[in-house]
Each structure stands twice: as C-alpha cells, then as structure tokens.
Amino acid sequence: MTELTELTAVRLLDGYRKGEWSPVEATRAALERAEAIQPEVNAFVRLTAEEALEQARESQERWRRGEPRGLLDGVPVTVKDILLQRGAPTLRGSRAVDPAGRWDEDAPSVARLREHGAVFIGKTTTPEFGWKGVTDSPLSGITRNPCDPSRTAGGSSGGSAAAVALGAGPLSLGTDGGGSVRIPASFCGIFALKPTYGRVPLYPASAFGTLAHVGPMTRDAADAALLMDVIGHPDSRDWSALSAPAGPYTDGLAGGVRGLRVAYSPSLGGQVAVQPAVARAVRQAVERLAELGAYVTETDPDLTDPVEAFHTLWFSGAARVTQHLGPHQRELLDPGLREICARGARYSALDYLAAVDVRMDLGRRMGRFHDTYDLLVTPTMPLTAFEAGAEVPKGSGHRRWTGWTPFTYPFNMTQQPAASVPVGADADGLPIGLQLVAARHRDDLVLRAAHALYGAGVASAGRPTPAGS
C-alpha cells in the first residue's frame with residue numbers, strides 16, 4: 001500500500017480525485033507520524049487531532065460529492081507557532097505569553113489555508129519569538145534534526161522543517177526574518193521559499209518589521225508553488241501586501257532553466273568559509289543547471305557582510321517584542337534573547353536609520369546585479385547541522401547565530417525571494433542545501449529553477465528515518 005506520509009500534496013490531491021485514498025486516511029497517517037516522531041524530534045507545540053479529523057471528514061464528504069473546496073482540500077498542514085490560528089493558542093515559544101486568550105483570529109496565510117480546505121494537524125515549535133537560527137525555547141525545549149537527533153533542526157522554523165521531513169503533513173507555514181525557513185530546510189533536507197516581501201501578507205505586523213516574511217516549507221518545489229497559489233494574495237490587514245500575482249505559480253514551473261543567466265557565488269567572494277562537502281554538493285548542482293541549459297558564470301555580487309546593520313534592525317525588533325513585559329516575565333525569557341533585547345534597547349533612532357541606509361544601498365547593489373543575472377546561486381548554509389541545543393557550533397568562535405548564517409540574512413534585508421533546495425548530504429548523512437535568489441517579484445524564477453533541479457534528480461524529496469525508528 002502507498003505510504004501516505006511520503007507523498008507530496010500534489011500527489012495526495014491526485015489520489016483524492018482518483019479515489020485511491022481519502023482525506024481521513026491521509027490525516028490519520030499524518031497524525032500517527034506526528035505522534036511517533038514527537039518524543040524524539042519534538043517538532044510540535046501541540047497536536048489538534050480531534051479538530052483535524054473533523055476537518056478531514058468534512059473534506060472527504062466534499063470529495064465524495066465531487067465538490068472539493070479550493071486547491072488544498074483535505075491536505076494535512078502544520079503551522080509554526082508564531083502565526084495566529086483560530087482556536088489554538090499562539091505562544092510563540094514563550095512562557096511570557098498567556099495561553100488564556102481569545103485566539104479567535106487567523107493570520108492571513110492561515111486564513112487562506114482554511115478557505116482552501118486544508119486540514120490543520122498541529123502547531124510547530126519555534127525559539128522564543130523566532131529570535132535565533134536554531135529551535136529551542138524555555139517553553140518547548142529542543143527540536144532535533146530528523147536525520148540525527150543529536151543535531152539541531154535549525155531555526156527558527158525548525159519544528160516545521162522536521163515535521164515536513166518526517167511526513168507529518170506535506171505542507172507547513174514558516175516565518176523567515178534572517179533565514180528562518182531556509183536554515184532548517186537546509187539542515188533537514190526539505191524545500192523552503194522566502195518569498196518577496198509582501199507577497200504573503202503578515203498580520204499582526206512583526207516587530208522585526210520588513211525583515212519578516214511568511215513562506216512555504218514543503219517536500220518539493222511543486223508543492224511550494226501550489227501553496228504560494230493559495231497564500232500569495234493580498235489581505236486588507238497588511239497594508240504592505242503586494243497585489244495578486246499575474247498568474248498561478250504552478251503554471252510556470254515547467255519552463256526550465258534554459259537560457260537563464262545564473263551567477264554562482266561559492267563563498268561570496270571568499271568572505272565565507274564553506275565546508276568541503278557543502279561546496280562539492282552545491283557545485284555539482286550548479287553544473288547540472290548548466291547541463292540543463294542555463295548560462296552559468298562563477299561571480300560574486302557586490303555584497304559586503306551587512307551583519308552589524310542587520311543586528312541593529314534585528315536586536316531593535318527583539319527589544320520591541322518584549323518591551324511590554326514586566327520584570328517577572330523578563331526572567332522567564334531565553335537568556336540569549338534577554339541579552340540581545342538589552343542591546344537593542346540601547347540603539348538610537350539615528351543608529352536605526354543608519355542601518356536602514358546600509359540596507360537600502362544593499363538593495364540597490366543587488367538590483368543592479370540582477371540587471372545582468374536572473375538568478376544567484378550560493379550554498380544555503382556553509383555547514384551541515386551541528387549539535388542540538390546550542391546557538392552556535394562548538395568551537396566556532398561565533399557569538400550569535402548570524403555568525404554561521406552569512407548566506408541567508410542579507411536577502412531579508414533586500415526583500416528578495418530566496419529558496420533552499422536539498423542537493424545532497426555529507427559523509428554523516430546530514431543534508432546540504434543550495435540557495436536560489438532572484439530579483440524582487442521574481443519568485444516564479446526561483447520556483448522554476450528549483451523545480452528543474454527536482455526534475456533532474458539533483459534535489460530529492462526523500463524522507464529521512466529518525467534514529468531508533
């Protein structure tokens with residue numbers, strides 16, 4: 001019998017149409033998988049089995065009548081516990097958030113999923129307020145890598161990445177303020193897209209401002225395109241949301257990469273030390289892009305590391321997130337979060353505006369770069385997953401998570417679409433990701449190139465097996 005937890009959303013929906021399986025069967029399989037992985041991997045804050053099965057039964061009846069609702073009717077989905085979901089507390093990884101709230105509103109992306117008949121099976125883990133690139137918090141503990149539970153899943157959308165990788169629903173909503181869908185996608189071996197800022201509406205507005213994006217975390221690029229066709233539409237609650245896209249992202253997937261101008265930057269001009277296994281896997285994938293007809297040039301964007309400007313923006317946002325908390329609540333916070341909040345509170349308005357100036361100049365330079373190149377390719381991460389429970393790799397000398405994520409946060413500053421595609425593994429079986437970046441508003445190119453890599457067998461939607469299973 002087909003293992004339903006190994007199927008993409010596209011394949012699940014095809015099976016619903018053909019009567020091969022039902023939304024109830026798929027939901028039960030996803031819930032069983034979620035329950036099985038939870039003790040070891042810790043991907044979930046909560047599972048909503050009763051509600052999910054009721055939603056699945058309603059979907060099954062719609063399919064029986066031949067009247068499916070929307071594009072995702074009956075597909076099991078998960079939602080990072082940063083995004084509001086009606087009927088479920090959104091605690092954001094923090095003991096300082098009171099669970100006894102009304103919780104009667106969906107975030108825009110969650111609302112679109114509900115309108116399209118998706119089945120919500122649970123909320124996934126996050127570090128406190130999504131502040132760092134790994135997933136552990138005082139509220140929910142450590143989320144572990146599905147390929148090796150002694151390693152980190154990455155973050156801050158680590159629970160979503162682990163859930164998708166292990167078959168607990170093929171689709172998840174994550175958030176990305178400095179790499180938070182791409183980092184765990186790279187570490188866990190799945191696909192993730194940080195869309196152009198504003199393409200997926202966000203409400204309530206993030207205190208991290210226009211660094212924060214909502215994006216799909218999926219088993220492959222085709223599923224991400226399908227999810228973008230659902231969530232990538234404006235919502236009146238987000239005044240910065242973009243207008244509707246010109247057409248479905250799924251329609252453009254088959255275009256391939258022939259004729260695309262691809263810039264390959266293996267280390268951002270020598271600024272980044274990349275592990276040899278990562279460098280090899282990414283280079284081999286780039287060579288395949290050339291074989292598929294892309295014009296590949298090894299070159300670097302005019303990009304100097306904007307980490308200090310990013311810190312000013314990010315730490316100020318963290319200080320704003322926690323500004324309302326009293327002394328007792330502050331004592332409940334992750335110590336690292338308390339530290340960056342204290343630093344963020346010391347920045348002046350002039351410091352912040354100086355960081356904005358750096359950001360705007362970076363955006364100008366990347367805009368000019370994309371006059372010449374359609375896509376930029378880099379490693380997603382310079383390394384594979386390190387020990388769980390640590391913000392930085394042991395012995396790395398890094399102080400904060402930004403020290404080991406130099407390929408991701410610059411493109412939050414520029415608001416460009418960027419995706420992580422799994423392109424191999426190191427000698428320990430730990431996944432390696434390739435990052436695709438395009439000019440603002442060219443999410444379609446990122447998805448198209450990623451889909452070509454999947455079609456060529458370079459990227460894989462294979463599911464890892466957790467230790468002990």
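Computed from a predicted structure; not experimentally measured.
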CE-CG distance between Met217 and Asp176, expressed to the nearest 0.5 angstrom: 8.5 Å
Exercise: do Thr124 and Lys80 side chains pair donor with acceptor under 3.5 Å: no
Reference residue Leu173; test side-chain contact (heavy atoms from CB on, under 4.5 Å); the match among Thr78, Ile82, Val110: Val110
Under 3.5 Å: donor-acceptor pair, side chain of Thr380, backbone of Gln435: yes
Which residues share a ring pair (Phe, Tyr, Trp, His ring centres under 6.0 Å) with Phe315, sequence neighbours left out: His311
Between Tyr352 and Asp357: side-chain donor-acceptor atoms closer than 3.5 Å: no
Whether Asp238 side chain and Pro201 backbone form a donor-acceptor pair below 3.5 Å: no
Polar side chain donor-acceptor pair, Asn412 to Arg182, under 3.5 angstrom: yes
Other residues, nucleotides, ligands: >12 heavy atoms within 6.0 Å of Arg320 CZ: no
Without placing hydrogens or testing angles, list every side-chain donor-acceptor pair under 3.5 Å for residues 245-258, not counting sequence neighbours.
{"unit_1": "Tyr249", "atom_1": "OH", "unit_2": "Arg199", "atom_2": "NE", "d": "3.3"}
{"unit_1": "Thr250", "atom_1": "OG1", "unit_2": "Asp229", "atom_2": "OD2", "d": "2.8"}

More than 12 heavy atoms of other groups within 6.0 Å of Tyr347 OH: yes
Expected output: side-chain Ser137 to main-chain Ser140 donor-acceptor under 3.5 Å: yes
Donor-acceptor contact below 3.5 Å, side chain Asp374 vs main chain Arg261: yes
Gln416 versus His370, side-chain donor and acceptor atoms under 3.5 Å: yes
